[in-house]
Amino acid sequence: MLFLTLLGAMTFSAYAATLADPGSEEDALRYLKEFGYLQKPLESNSEDFSAEDVQDAIRVFQVAFELPETGVLDSETLEKMKQPRCGLEDPFNQKIHSYLLLGRWRKKNLTYRIHNYTPDMTTAEVNTAIQSAFKYWSDITPLKFREIKYGRADIRISFHRLGSGCSRPFDGPGKVLAHADIPELGTIHFDEDEYWTEGTYLGVNLRIIAAHELGHALGLGHSRFSNALMAPQYAGYKPNFRLHDDDVKGIQVLYGKNDRYEEKEETVTTAAPTFSPTPSGPMPDPCQDNLDAIILGPYGKTYAFKGNYVWTITDYGISPLSKIQVLWKGLPGNLDAAVHSKRTKRTYFFKGNKLWRYTDFKLNSGYPKVLTRVPANISAALYWEGNQKIFLFKGDNYWQWDELAWSNLYPKKISNLFTGIPGKVDAALTWKNGKIYFFKGDKYWRVSKQLSVERGYPLSKAERWMQCNHLN
């Protein structure tokens, strides 16, 4: 059955869009069965699974998507199940390779033809995006790709709307983004009802989706690494996008290396959660806009906030933007400040004269509360590992707060504690390296253990944190 599924179209789909209540255990069970985590024995006619079977399936899912392996349907596991993903089963519980191989071409010189174009981009932009997608693979293998304008090509690319004659019809905006056939069938189709773009966080990035679907057309299945191009879920636009080591190893098993390829040491980082791009409403531009807040938050991931949106930051760039309420239900947008306490594992959000407190992504009972010991509209907050206290900032002042022992708080001048930090900062945090960072506009400052700005700062937030300096 798995083999027959693999012969079907490789499609991106937002499973959650089909669910009446994606947060329910019933829908989670359906997800685990549909995507191959729960499979009944061939000799069994029963649809029932034991509690142990379900718990084991949840653990496999959590390991596959780099979540804490608890076997419990916690909030992050349920949120992950609601993300846009491929309709193909996830055979990650097969102890073979991290990558999955579905077939290969028997030649290394392949032709391709673009049969029609999306009106969302110019013809030149589409051509460039498709050429860039092929280049990811030709740069690391002996494969060569040549475009032809007439006749039957090995790989055939086209855009189709809902009901426009595609053999596997699309479903309108969202859900299915594209699909492809494995070697040597050679078709790649994109959903014309999507908004195809390049160089922006809006819409769906044609270059990255084309590279993913081309990976299927060349014989790759899905990778269990969420940072890999061939991961089941679409991770959104990344300015400095590059192939993951798992993508490279998989394609080179099929076709070998070319003379130009040089192995590079791969930096493995904790994967960030991926979110469903939300096309409605004004979206901030992480490369241009100031931050409302930034935290090193639950599960050791870096979250940045602006307006009604949140995204995560990794060594591979940033995740697609998502509505804040997707993770922190009940939390408003346009925050003043946020901080995650390493001491208590709680996350605090400030807006106006109110305070919200969450454990992981669950709002604590009795919150939000009214601020009474610090002024409204604070501008930044951070957790300082040195004394396990939370520091709140507004204007040129700061307040030191012990979250486990409420007491009277008194303002002090920022300049009396930190040397070289400007007043009226936008955001602040203590990061994984133990260093304190302050953000204002496009600039950020790093503070030494002596609480003075380190040499060479400030630097550009857009370039160094959001990786917006150039496109790859």
Within the side chain of [X], is there an N or O that forms a donor-acceptor pair under 3.5 Å with the backbone of [Y]?
X    : Y    : answer
N353 : N377 : no
T430 : G434 : no
D247 : H244 : yes
S341 : T344 : yes

I58: which of L32, L29, V72, D53 passes side chain to side chain contact (heavy atoms under 4.5 Å, CB included):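 Answer after filtering L32, L29, V72, D53: L32.
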
Shortest non-hydrogen contact between [X] and [Y], atoms and distance:
X    : Y    : value
Q62  : D74  : NE2-OD2, 4.1 Å
I295 : H340 : CG2-N, 4.1 Å
I313 : A304 : CD1-CB, 4.2 Å
W196 : D191 : NE1-O, 2.8 Å

Give a yes or no on this: more than 12 heavy atoms of other residues, nucleotides or ligands lie within 6.0 Å of atom OH of Y255.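 Enclosed.
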
Just wondering, are more than 12 heavy atoms of other shown residues or ligands nearer than 6.0 Å to NZ in K443?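 Atom NZ in K443 is crowded, with more than 12 foreign heavy atoms closer than 6.0 Å.
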
Could you check whether [X] pairs with [Y] (Lys NZ or Arg NE/NH1/NH2 to Asp/Glu carboxylate O, under 4.0 Å)?
X    : Y    : result
K249 : D246 : no
K329 : E79  : yes
R343 : E385 : no

Indicate the ring-plane relationship of [X] and [Y], choosing parallel, tilted or perpendicular according to the 30° and 60° boundaries.
X    : Y    : value
Y237 : Y201 : perpendicular
H212 : H222 : tilted
F349 : F305 : perpendicular
Y358 : W328 : perpendicular
F439 : W465 : perpendicular

Where do Y383 and F391 land on the ring pair (Phe, Tyr, Trp, His ring centres under 6.0 Å) test, with the steps shown first? CA-CA 6 Å; Y383 173 82; F391 286 70; 9.4 Å; no

Can you confirm if the NZ or CZ of K306 lies within 45° of the ring axis of Y309 and under 6.0 Å from the centre of its six-membered ring?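 The answer is no; the distance or angle limit is not met.
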
Worked check of ring pair (Phe, Tyr, Trp, His ring centres under 6.0 Å) between W445 and F438: CA-CA 5 Å; W445 292 256; F438 290 91; 8.3 Å; no

